[in-house]
Protein chains: 2
Amino acid sequence: MILSTKGRYGLKIMYELALNYGNGPMPLKEVAQRQQLSETYLEQIIAHLKKGGLVTSIRGAQGGYELIRKPEEISVGEIIRTLEGPLAPAECVLDDEPECTKAEYCVTRLIWEKIMESINNVIDSITLNDMVDDYYKLKQKKEGEK
Amino acid sequence: MILSTKGRYGLKIMYELALNYGNGPMPLKEVAQRQQLSETYLEQIIAHLKKGGLVTSIRGAQGGYELIRKPEEISVGEIIRTLEGPLAPAECVLDDEPECTKAEYCVTRLIWEKIMESINNVIDSITLNDMVDDYYKLKQKKEGEK
DNA sequence: TGAAATCCGACTTAAACGGTAGGAATTAAC
DNA sequence: GTTAATTCCTACCGTTTAAGTCGGATTTCA
């Protein structure tokens, strides 16, 4: 049940853009360096984020990417679902799926629904701004330990 | 983030064994028929359940499988983790993983931890007996609609 | 002895994952 | 107007995993 790198790296991209929010466009190269990830691979991922309406891009030299909204208005859930699709533990709980008629009564479906609901609750309640806050808290804590 | 068939079918197997609990061993063939799944494939899955100490088997004619404990003493979480391993959305939150040092501070990790915790909360709070109860409720409801 | 079961391991096919590579288009700065 | 930095686009590629199938050995009840 591990999330693919698309979702994981994508969230990291968005987090870096959130840290940089307000300072103009950030080139993907910088994101890749800060997170130690392949730039060419991140290109593919950020294309989805752009298509999904979460970032804008400025082409050419001094260009880069920017969040399309304020960090407090973008939830982790929005990001992950944009990249991974709905986070269902089984296909049968997706909206467009017909009810499964294979078994007499599909009781496992109730389980998948509960799991999905609880995942969505978590990720929809966290925004990029919360992550930025966490960053500063961690930083402060670590510097206090010196 | 979809669970593999190992976990999904495995839970269905366990649920059928729970429905049958107290009536002696249930042959896998019957499970496969009731759930409309491939018997030979289920063989592989139930081998893991046996190895994981969740079912016992009786070989030979009139043999089959049985839950090793009462349905109310087996949680869905136990079953799924036996088949799928820990349900982490990223490897870095597993116990044996070292803390990632790639980025300055790993803030996404906090997200994965929260997701994992919430999934575990859900699946650990449901037992096979709850599923059996759901079955009878669904059945009653459906018959009432006639 | 035969039928019904579990048990075991090898094989297979297709898709997904996690990238790499090459180049075209755009734009700011000099 | 050239150059360097950047986004954009699409094709390719090797490895792993998923989801089974298959054939047969073994056990046991009737």
Side-chain angles (χ1 to χ4, degrees), chain A residues 1-13 16-17 20 23-52 54-68 80 83-85 89-92 102, chain B residues 1-13 16-17 20 23-52 54-68 80 83-85 89-92 102:
Chain A
M1 267 270 290
I2 275 177
L3 225 55
S4 74
T5 51
K6 220 156 89 178
R8 284 172 10 237
Y9 294 180
L11 182 56
K12 291 186 181 206
I13 294 173
E16 289 293 343
L17 295 184
N20 187 64
N23 301 328
M26 185 181 197
L28 199 54
K29 195 177 180 180
E30 204 179 322
V31 176
Q33 277 167 355
R34 289 178 57 92
Q35 291 287 335
Q36 307 252 66
L37 298 171
S38 148
E39 184 190 345
T40 54
Y41 188 40
L42 292 190
E43 270 180 24
Q44 286 183 41
I45 296 173
I46 207 166
H48 292 285
L49 291 170
K50 193 187 170 188
K51 206 171 155 195
L54 292 175
V55 305
T56 46
S57 62
I58 292 112
R59 301 186 69 171
Q62 322 310 317
Y65 295 91
E66 270 178 348
L67 296 186
I68 209 158
I80 295 185
L83 295 170
E84 302 271 346
E91 280 148 5
C92 74
K102 281 173 128 186
Chain B
M1 267 271 290
I2 275 176
L3 225 55
S4 74
T5 51
K6 220 155 89 177
R8 284 169 14 234
Y9 294 180
L11 182 56
K12 291 188 181 203
I13 293 173
E16 289 293 342
L17 295 184
N20 187 65
N23 302 329
M26 185 182 198
L28 199 55
K29 194 178 180 179
E30 204 178 321
V31 176
Q33 277 166 356
R34 289 179 57 92
Q35 291 286 337
Q36 308 251 65
L37 297 171
S38 148
E39 183 190 347
T40 54
Y41 188 40
L42 292 191
E43 270 180 23
Q44 285 183 41
I45 296 174
I46 206 164
H48 292 286
L49 291 170
K50 194 187 171 189
K51 206 170 155 196
L54 292 174
V55 305
T56 46
S57 63
I58 291 111
R59 301 187 68 171
Q62 325 310 315
Y65 295 90
E66 268 177 350
L67 297 185
I68 209 157
I80 295 184
L83 295 170
E84 303 269 347
E91 280 149 5
C92 74
K102 281 173 130 186

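Below, chains carry the letters A, B, ... as their sequence lines are ordered, and counting in each starts from 1.
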Please report the distance, rounded to the nearest Å, between [atom1] in [X] and [atom2] in [N].
| X | N | atom1 | atom2 | value |
| --- | --- | --- | --- | --- |
| B:I46 | D:dA19 | CD1 | C1' | 18 Å |
| B:R59 | D:dT27 | CZ | P | 6 Å |
| A:L17 | D:dT7 | CG | C1' | 14 Å |
| B:E91 | C:dC17 | CD | C1' | 12 Å |
| B:I13 | C:dT6 | CD1 | P | 11 Å |
| A:Q62 | C:dT26 | CD | C1' | 13 Å |
| A:Q44 | C:dG23 | CD | C1' | 15 Å |
| B:I45 | D:dA18 | CD1 | C1' | 11 Å |

Ignoring the backbone of [X], work out which of [options] is nearest its side chain.
| X | options | answer |
| --- | --- | --- |
| B:S4 | D:dA19, C:dA10, C:dT26 | D:dA19 |
| B:Y65 | C:dC7, C:dA10, D:dC8 | C:dC7 |
| B:A61 | C:dA4, C:dT6, C:dA29 | C:dA4 |

Once rounded to the nearest 0.5 Å, what's the spacing between atom [atom1] of [X] and atom [atom2] of [Y]?
| X | Y | atom1 | atom2 | result |
| --- | --- | --- | --- | --- |
| A:L11 | A:L83 | CG | CG | 9.0 Å |
| A:T56 | A:L17 | OG1 | CG | 9.0 Å |
| B:I13 | B:L42 | CD1 | CG | 4.5 Å |
| A:I45 | A:K6 | CD1 | NZ | 8.5 Å |

(Q) Looking at B:K50, I'd like to know whether one of its side-chain N or O atoms comes within less than 4.0 Å of OP1 or OP2 on C:dT6. (A)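 No, outside the criterion.
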
Q. Quick one: is A:S57 getting a side-chain N or O under 4.0 Å of the D:dC8 phosphate, OP1 or OP2?
A.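 Affirmative; the distance criterion is met.
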
Q) Where along residues 26-43 of chain B does a heavy atom fall under 4.0 Å from DNA chain C? A)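 Contacting residues: B:P27, B:L28, B:E43.
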
Q: Could you pull out the closest heavy-atom pair between A:E84 and A:G7, with the gap in Å?
A: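 For A:E84 and A:G7, the tightest heavy-atom pair comes out as OE2-N, 2.8 Å.
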
**Q.** Contact check, side chains of B:L49 and B:I46, non-hydrogen atoms, under 4.5 Å
**A.**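 Yes, side chains in contact.
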
Q. Between A:G60 and A:T5, which is nearer to the 5' end of DNA chain C once each is assigned its nearest nucleotide?
A.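 Its nearest nucleotide being more 5', the pick is A:T5.
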
Q: Looking at every strand, decide which applies to B:K51 at a 4.0 Å heavy-atom threshold: base, sugar-phosphate, or nothing.
A: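 Nothing, no nucleic acid heavy atom in range.
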
Q) Contact class for B:I58 (heavy atom, under 4.0 Å): base, sugar-phosphate, or nothing? A)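 Since only primed, P, OP1 and OP2 atoms lie under 4.0 Å of B:I58, the category is sugar-phosphate.
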
Show me the side-chain donor-acceptor pairs of residues 29-38 of chain B shorter than 3.5 Å, one per line, residues at least two apart or across chains.
residue, atom, partner, partner atom, Å
B:R34, NE, B:E16, OE1, 2.6
B:Q35, NE2, B:E16, OE2, 2.7
B:S38, OG, B:T40, N, 3.4
B:S38, OG, B:T40, OG1, 3.1
B:S38, OG, B:Y41, N, 3.1

